[in-house]
Trainee: 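Have a look at this one before I ask anything.
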Amino acid sequence: MMHFTSVQDVPDLQQLVDAALAYKADPYKDENLGKRKRIGMLFLNPSMRTRLSTQVAAQQLGMEAVVFNVGSEGWALEFEEEAIMSGTTVEHVKDAAPIMGKYFDILCIRTFPSLKNKEDDYSELYIRQFMKYAGIPIVSLESATLHPLQSLTDIITMQEYMRQPSKAAAFSGRKPKVVLTWAPHVKPLPQCVANSFAQWVNAWGEADFVITHPEDYELSEAFTKGARIEYNQEEALKDADFVYVKNWSTFTDYGKIYNNDPEWMLTNEKLALTNEARVMHCLPVRRNVELSDEILDGPNSLVTTQAGNRVWAAQAVLASILRAK
Ligand code: CP
């Protein structure tokens, strides 16, 4: 693997999941693979899990991780080609990225969408410009439209649950029902976690996959094609094995909130419709807005296990890139 920005960069998804679970079983088995190698981690936006899990993963491979909060501490970067830089931007990515390519062996970047201009956001200009100019492998720590390290983690977490000796028989010979449900939120959020989850579940190909959301919250078909769309949340939840909860803003009329109906929040009453589903969320989560205390603190919540698995996903990705270099 050369870059890691979407599932399309992954030659063998199952091999990557298995590699991640092998690191979970033995975190230091490749502790010299990244010896004398360095990753740069650029954050144009905030993070807790992605930053810490990727740093831990790099260190377990023997790498040195350097974090740069470029969004708050660096020069304001310009990404447009042929820009006349008479405004607020100070340094062009064309100048900055090749320098980072000299300092690091792998460059990781987090860059959120503006939610103002769909064409710009969905062109993934920022991450494409780093890929064009850095000259080293690029890893997305969440981009304008996708969050691949999160989605790899999500597939790992579902497979890990299904492989437990006490659960394996229940999943033998059938696909799990996986439901991605929209949830309310107080402000417009990107579509990237939902897009990415849909893209990875579709690529996995081993789930009966349903997406439920209010009307007019359709995601891009480029990611959802293959999933069943169901506007009735309770209908969608019936017999689910996994429920992935996430808010996203509108895609078609871009970046808006049309609906903040608290009825869409998952509760134990709704969970009773499922096949004792495990509940997932990428975090951070707004409690009792997006997801109820009773679910998050209840026995069906996988969110802490899921967040813990971010380390193994990052470690498998970094190892795969190191081996390909
Ligand atoms: N899920 C996730 O990406 O968490 P952070 O924003 O804290 O990195």
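Quick note: residue numbers are just sequence positions, from 1. Read the numbers this way: they start at 1 and go in the same order the structure lists the ligands and their atoms. All values reported here derive from a predicted model rather than from experimental measurement.
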Trainee: With no hydrogens and no angle check, just 3.5 Å: does a side-chain donor-acceptor pair link Ser140 and Thr5?
Mentor: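 There is no such pair between these side chains.
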Trainee: Students often mix this up, so state it plainly: with edges at 30° and 60°, are the rings of Phe171 and Phe242 parallel, tilted or perpendicular?
Mentor: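 The rings of Phe171 and Phe242 lie parallel, inter-plane angle below 30°.
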Trainee: Around atom 6 (O) of ligand 1, find the nearest protein heavy atom and jot down its residue, atom name and distance.
Mentor: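 Looking only at protein heavy atoms, the one closest to atom 6 (O) of ligand 1 is Arg110 NH1, 2.9 Å.
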Trainee: Taking the six-membered ring of Tyr23 as reference, does the cationic atom of Lys29 (NZ for Lys, CZ for Arg) lie under 6.0 Å from its centre and within 45° of its axis?
Mentor: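 Ring-cation test returns yes.
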Trainee: Indicate the ring-plane relationship of Phe79 and Tyr126, choosing parallel, tilted or perpendicular according to the 30° and 60° boundaries.
Mentor: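 Parallel, since the angle between the ring planes stays under 30°.
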Trainee: Under 4.0 Å from any heavy atom of Cys282, which atoms of ligand 1 are there?
Mentor: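 Going through ligand 1 atom by atom, the ones under 4.0 Å from Cys282 are 1 (N).
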Trainee: Can you find an N or O of Arg49 that's nearer than 3.5 Å to an N or O of ligand 1?
Mentor: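 Min N/O separation from ligand 1 is below 3.5 Å for Arg49.
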Trainee: Is the distance between the ring centroids of Tyr231 and His213 under 6.0 Å?
Mentor: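 They qualify: ring centres under 6.0 Å apart.
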Trainee: Nearest heavy-atom pair of Ala144 and Cys192: which atoms, and what distance?
Mentor: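 Smallest heavy-atom distance, with atoms named: O-CB, 3.9 Å.
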Trainee: Can you name the atoms of ligand 1, numbered from 1 with element, that are less than 4.0 Å from a heavy atom of His147?
Mentor: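 Near His147, meaning under 4.0 Å from one of its heavy atoms, ligand 1 has 2 (C), 3 (O).
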Trainee: Ignoring angles and geometry beyond distance, decide whether Pro46 reaches within less than 3.5 Å of ligand 1 through its nitrogen or oxygen atoms.
Mentor: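 N/O-N/O distance below 3.5 Å does not exist for this pair.
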Trainee: So which of Leu283, Asp154, Val285, Val303 gets nearest to atom 1 (N) of ligand 1, if we judge by its closest heavy atom?
Mentor: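 Looking at heavy atoms only, Leu283 sits closest to atom 1 (N) of ligand 1.
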Trainee: Arg310 heavy atoms, cut-off 4.0 Å: which ligand 1 atoms fall inside?
Mentor: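 So the answer, numbered in order with elements, is 1 (N), 2 (C), 3 (O).
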Trainee: Look only at interatomic distance and state if Met48 has a nitrogen or oxygen under 3.5 Å from any nitrogen or oxygen of ligand 1.
Mentor: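 Yes, since at least one N or O of Met48 sits under 3.5 Å from an N or O of ligand 1.
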